[in-house]
Colleague: 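My structure is below; once you've seen it, I'll send some questions.
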Protein chains: 2
Amino acid sequence: MGEEDIASEDRTPFERQRRTVRRRAALTRNDVLATALTLVDADGVEAFSMRRLGKALGRDPMRLYRHASSKDALLDGVVELVMSKLAVPALHEVVDWEAGLRYTAHSFRSIAVEHPHVVPLLVTRPLATPLAMRPLGTLRPLENLLELLVGAGFDGRGALHAYRLYFGFLFGHILNELQEQVHNPEETTDLLRLGLHRLPALEFPRLRGLAGELATYDGLQELEEGLDIVLEGLRRKLADQKPNHEVRRG
Amino acid sequence: MGEEDIASEDRTPFERQRRTVRRRAALTRNDVLATALTLVDADGVEAFSMRRLGKALGRDPMRLYRHASSKDALLDGVVELVMSKLAVPALHEVVDWEAGLRYTAHSFRSIAVEHPHVVPLLVTRPLATPLAMRPLGTLRPLENLLELLVGAGFDGRGALHAYRLYFGFLFGHILNELQEQVHNPEETTDLLRLGLHRLPALEFPRLRGLAGELATYDGLQELEEGLDIVLEGLRRKLADQKPNHEVRRG
DNA sequence: AGAGCAGGCGCTACAGCGTAGACTACTACA
DNA sequence: TGTAGTAGTCTACGCTGTAGCGCCTGCTCT
């Protein structure tokens, strides 16, 4: 069996291994994660497999288990890699805690828009891992934001709640934005382009009526509008809380 | 009767089929989806497979493709089934549009808490499906919320933006809440219980300092606090927009 | 120089997956 | 009675994640 298999005849496992051992540099965890990221970016998480990643690296897929204990762990690593790009400024680098949050929000949005296929992971993996077990790189932004908020005058509880509201909003916004993809740009009317003509007109009058609005989604502007509301709310919370202590400035 | 279990030789496919045809009632799409939901609830999406679902229904797995064209489509059906439980009151059933949104928010939270393993699907599947291609049951809540908001005086654009902010917030909140699971309740100190002792104290002072707060997460209350802020923001938007037209009442 | 050994490395194998397609038996109508 | 269509089942294919194994390499010790 397998006489047709050329490689196993003129190149024994031994030879193949010697070659590769000579030639290849050692594989770092970062190589692995970076390549995994490009694969996910290209074809989505669904299409990602250990075997494909192995092939992309020119290595035996089993080699990957040296750098991550399982596929899930590897995907956690990808999440960590992506989240480590999130820029959270310190309070002194920025005019205002609000400016800091705005800056971070834009950074987050950029990352998500740049890696849309990673977003399901970003959103989903934490559900499978208790907070403190998450990769440290993932917790760094959280710590930095808490620092920023505490520096701004929030007490511990307030900072945590503010963080949650803020980040929850960010995630929600990203999920909204990423599903606003128009798929048939060659169609002319909004109704057709969005596929809304499929909806029974009597049951979905509002939705159909909003075809025009749906067609002109502007993610950045909606982010800004949302931030206005969220930050206004947080500002008021901060003001309500401050009177007890000394006040820095509004 | 022992042969019932064993014999595939003394019971031909023919005989087996005649029996089952006689005995079994036809399988409805709802049966399939409902059973799928229980499986997902029990073991999570990862552990869900067509073959397992087939086994749970006592049917050939291939039968399932009669009710859904693929596994993904079937999971979309599960999402639809779950989302169809979301209660969105009409404006006249409720004192206020704000009350309507609050009610819906609680309904959504209940559903998510009841089906935590479905949440990844809820959040993830829409990313793979353009809005208008989604199952109708999934769009119903959207339509109803738009109706509610328009009835409250929002114009089309405003209603859509309000909807997005509101639902984005809801999703974000749910994602927050579901990852606040304490895993080692037998441990005594919050630091240990949450696994936070693992974090380098110097690099994560804020996070460690908030162990107590993290340990006492109250999802319902945080939802309420978030709603306060979001609804306040929407109320202001509505007020800003109204002066152009006739005013109903603040 | 030679022996021994630890560990890196690739291969094979296994159990399970989604689903295309062929086959079989039954039903409804001519 | 014949025939077309359909519903139900089984098999098979090409994937998947990953456990286990045996080989080769290079280091250490004599």
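Just so it is clear: chains get the letters A, B, ... in the order the sequence lines come, proteins before strands, and each one is counted from 1.
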Colleague: Between atom CG in A:D43 and atom P in D:dC15, what is the gap in whole Å?
Modeller: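 In whole Å, D:dC15 P and A:D43 CG are 15 Å from each other.
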Colleague: What is the distance, to the nearest angstrom, from the CZ atom on A:R52 to the C1' atom on D:dG14?
Modeller: 12 Å
Colleague: Is it true that the side chains of A:Q179 and B:R134 contain a donor and an acceptor less than 3.5 Å apart?
Modeller: yes
Colleague: Would you state whether a donor and an acceptor, one from the side chain of A:R59 and one from the base of C:dG10, lie under 3.5 Å apart?
Modeller: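 No such pair is found, so the answer is no.
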Colleague: If the condition is side chain to side chain contact (heavy atoms under 4.5 Å, CB included), which residues does A:T38 pass it with, not counting sequence neighbours?
Modeller: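 Counting only residues at least two positions away or on another chain, A:T38 forms a side chain to side chain contact (heavy atoms under 4.5 Å, CB included) with A:T35.
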Colleague: Could you check how far CE of A:M50 sits from P of D:dT18, rounded to whole Å?
Modeller: 6 Å
Colleague: Using whole Å, report how far CZ of A:F48 lies from P of D:dT18.
Modeller: 11 Å
Colleague: Please collect all ring-ring contact (aromatic ring centres under 6.0 Å, His included) contacts where either partner lies in residues 103-146 of chain A, sequence neighbours excluded, each pair once.
Modeller: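 For residues 103-146 of chain A, and leaving out neighbouring residues, the ring-ring contact (aromatic ring centres under 6.0 Å, His included) pairs sorted by first residue read A:F108-A:F167, A:F108-A:F171.
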Colleague: For A:A34, enumerate each residue passing the side chain to side chain contact (heavy atoms under 4.5 Å, CB included) test, keeping only those at least two apart in sequence or located in another chain.
Modeller: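 Scan of A:A34 (side chain to side chain contact (heavy atoms under 4.5 Å, CB included), adjacent residues dropped) gives none.
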Colleague: Taking NZ from B:K55 and P from C:dG18, how many angstroms apart are they, rounded to a whole number?
Modeller: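 Computing the B:K55:NZ to C:dG18:P distance gives 12 Å.
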Colleague: Return the value, rounded to whole Å, for the distance between atom CG of B:D60 and atom P of C:dT24.
Modeller: 16 Å
Colleague: Nearest whole angstrom, please: distance from the C1' of C:dG18 to the CG of B:L53.
Modeller: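 To the nearest whole Å, that distance equals 13 Å.
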Colleague: Which residues in residues 61-73 of chain B have a heavy atom closer than 4.0 Å to any atom of DNA chain D?
Modeller: B:M62, B:R63, B:R66
Colleague: Can you pull out every ring-ring contact (aromatic ring centres under 6.0 Å, His included) where at least one residue sits in residues 30-81 of chain B? Sequence neighbours excluded, please.
Modeller: none
Colleague: Tell me every residue that passes salt bridge (charged side-chain N to carboxylate O under 4.0 Å, His left out) with A:E213, counting only those two or more places apart in sequence or in another chain.
Modeller: none
